[in-house]
Amino acid sequence: MEEDVIGPILVASAFIAVIIGAFGKGKKIGFWGAFLLSFFFTPLVGILVVIFSKSKAEMEREARSYRIQQAQREAIGRMEARQATSNMVDELAKLQMLLEKGAITREEFDSMKASVMKRTSEFDEWNEWYNKD
């Protein structure tokens, strides 16, 4: 008697697993993942995994968003680097003018120049760290 019941139950389980697999086809888990989970565990487990699995379209949107964010971060980094370089050039020009006018000594100029260069170097290090993947 039990043998007569097992066959129809397996066929019904396979049929339900195919249906759940069809729902999983557009998701990250895919058809076979949803099918196997539904068939070997229970249809409830399979359908829950399918429901909570991200769709392929969501994954593509997230990947596209990530690429856009990376491009924006790189563009901002380039703009900040240009700005830092521009500021450094302006500061060095002002220091040179003060040196030529005699407002500061050569030692003061060298010290201030080193300070400006150090700040720019620290910015470059920070910018490199910030933009790494």
Side-chain angles (χ1 to χ4, degrees):
M1 176 88 175
E2 290 180 20
E3 295 171 2
D4 295 339
V5 176
I6 293 176
I9 289 175
L10 285 176
V11 169
S13 293
F15 180 72
I16 292 171
V18 166
I19 292 171
I20 293 172
F23 284 114
K25 184 178 181 183
K27 302 279 190 156
K28 181 179 181 180
I29 191 169
F31 174 85
W32 288 107
F35 173 82
L36 293 173
L37 277 175
S38 298
F39 188 76
F40 287 113
F41 292 104
T42 66
L44 179 62
V45 170
I47 198 69
L48 286 175
V49 171
V50 167
I51 288 171
F52 291 108
S53 182
K54 290 183 181 181
S55 71
K56 291 178 181 176
E58 281 179 284
M59 291 175 21
E60 289 173 10
R61 276 193 302 274
E62 287 178 2
R64 187 174 38 248
S65 176
Y66 178 76
R67 287 191 302 271
I68 290 169
Q69 288 174 355
Q70 286 295 100
Q72 289 172 338
R73 192 175 303 137
E74 290 170 6
I76 289 170
R78 286 191 301 272
M79 288 174 18
E80 288 172 342
R82 279 194 296 265
Q83 182 66 36
T85 301
S86 175
N87 290 344
M88 180 187 70
V89 169
D90 290 344
E91 286 186 53
L92 291 175
K94 288 176 187 174
L95 289 175
Q96 182 67 35
M97 184 181 68
L98 290 172
L99 178 65
E100 290 172 358
K101 289 185 176 183
I104 59 174
T105 65
R106 185 66 173 171
E107 292 79 27
E108 291 172 324
F109 172 80
D110 291 338
S111 173
M112 291 178 189
K113 178 181 173 185
S115 175
V116 169
M117 299 299 279
K118 182 178 180 197
R119 281 197 320 261
T120 303
S121 169
E122 288 170 353
F123 172 80
D124 289 342
E125 290 171 8
W126 177 86
N127 196 31
E128 184 178 318
W129 172 83
Y130 179 75
N131 286 315
K132 72 179 178 180
D133 286 327

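- At a threshold of 4.5 Å between side-chain heavy atoms, the hydrophobic network of Ile, Leu, Val, Met, Phe, Trp and Tyr places Leu92 and Val89 in two separate groups.
- One finds the CD1 atom of Ile16 at 11.5 Å from the CG atom of Leu44 (value rounded to the nearest 0.5 Å).
- Linking ILVMFWY side-chain heavy atoms closer than 4.5 Å, directly or via other members, places Phe40 and Ile47 in two distinct hydrophobic clusters.
- Checking side-chain atoms of Ser38 against main-chain N and O of Ala34 turns up a donor-acceptor pair under 3.5 Å.
- Hydrophobic clustering (side-chain heavy atoms under 4.5 Å, transitive across Ile, Leu, Val, Met, Phe, Trp, Tyr) groups Val49 together with Phe52.
- By the 6.0 Å contact criterion, CZ on Phe23 is open, its count of non-hydrogen atoms from other residues, nucleotides or ligands being 12 or less.
- In this structure, a donor-acceptor pair under 3.5 Å is present between the side chains of Glu100 and Gln96.
- Here CG of Leu99 is found 12.0 Å from NZ of Lys101. Values are rounded to the nearest 0.5 Å.
- Within the 4.5 Å cutoff, side-chain heavy atoms of Ile29 are placed close to those of Leu37.
- In this structure, Ile19 is a member of the same hydrophobic cluster as Ile51, with clusters built from ILVMFWY side-chain heavy atoms closer than 4.5 Å.
- The shortest side-chain heavy-atom distance between Glu62 and Lys54 falls under the 4.5 Å cut-off.
- Taking the side chain as every heavy atom from C-beta outward, Met117 and Met88 approach each other to under 4.5 Å.
- With hydrogens and angles left out, the side-chain atoms of Arg67 and Gln70 include no donor and acceptor closer than 3.5 Å.
- Ion pair Glu58/Lys27 not flagged as a salt bridge, since none of the NZ, NE, NH1 or NH2 atoms sits closer than 4.0 Å to an Asp/Glu carboxylate oxygen.
- Side-chain contact between Leu10 and Phe39 is present, with heavy atoms from C-beta onward closer than 4.5 Å.
- Using cut-offs of 30° and 60° on the angle between ring planes, the pair Phe35 and Phe31 is parallel.
- Side-chain N or O atoms of Glu108 include one that pairs as donor or acceptor with a backbone N or O of Thr105 at under 3.5 Å.
- Nearest heavy atoms, Leu95 versus Ile104: O-CD1, 3.8 Å.
- There is a path of hydrophobic side-chain contacts, each under 4.5 Å, that joins Phe15 to Phe41.
- Remark: the backbone N or O of Arg61 is not paired with any side-chain donor or acceptor of Ser65 at under 3.5 angstrom.
- In the model, Glu91 has no side-chain atom that pairs as donor or acceptor with a side-chain atom of Asn87 under 3.5 Å.
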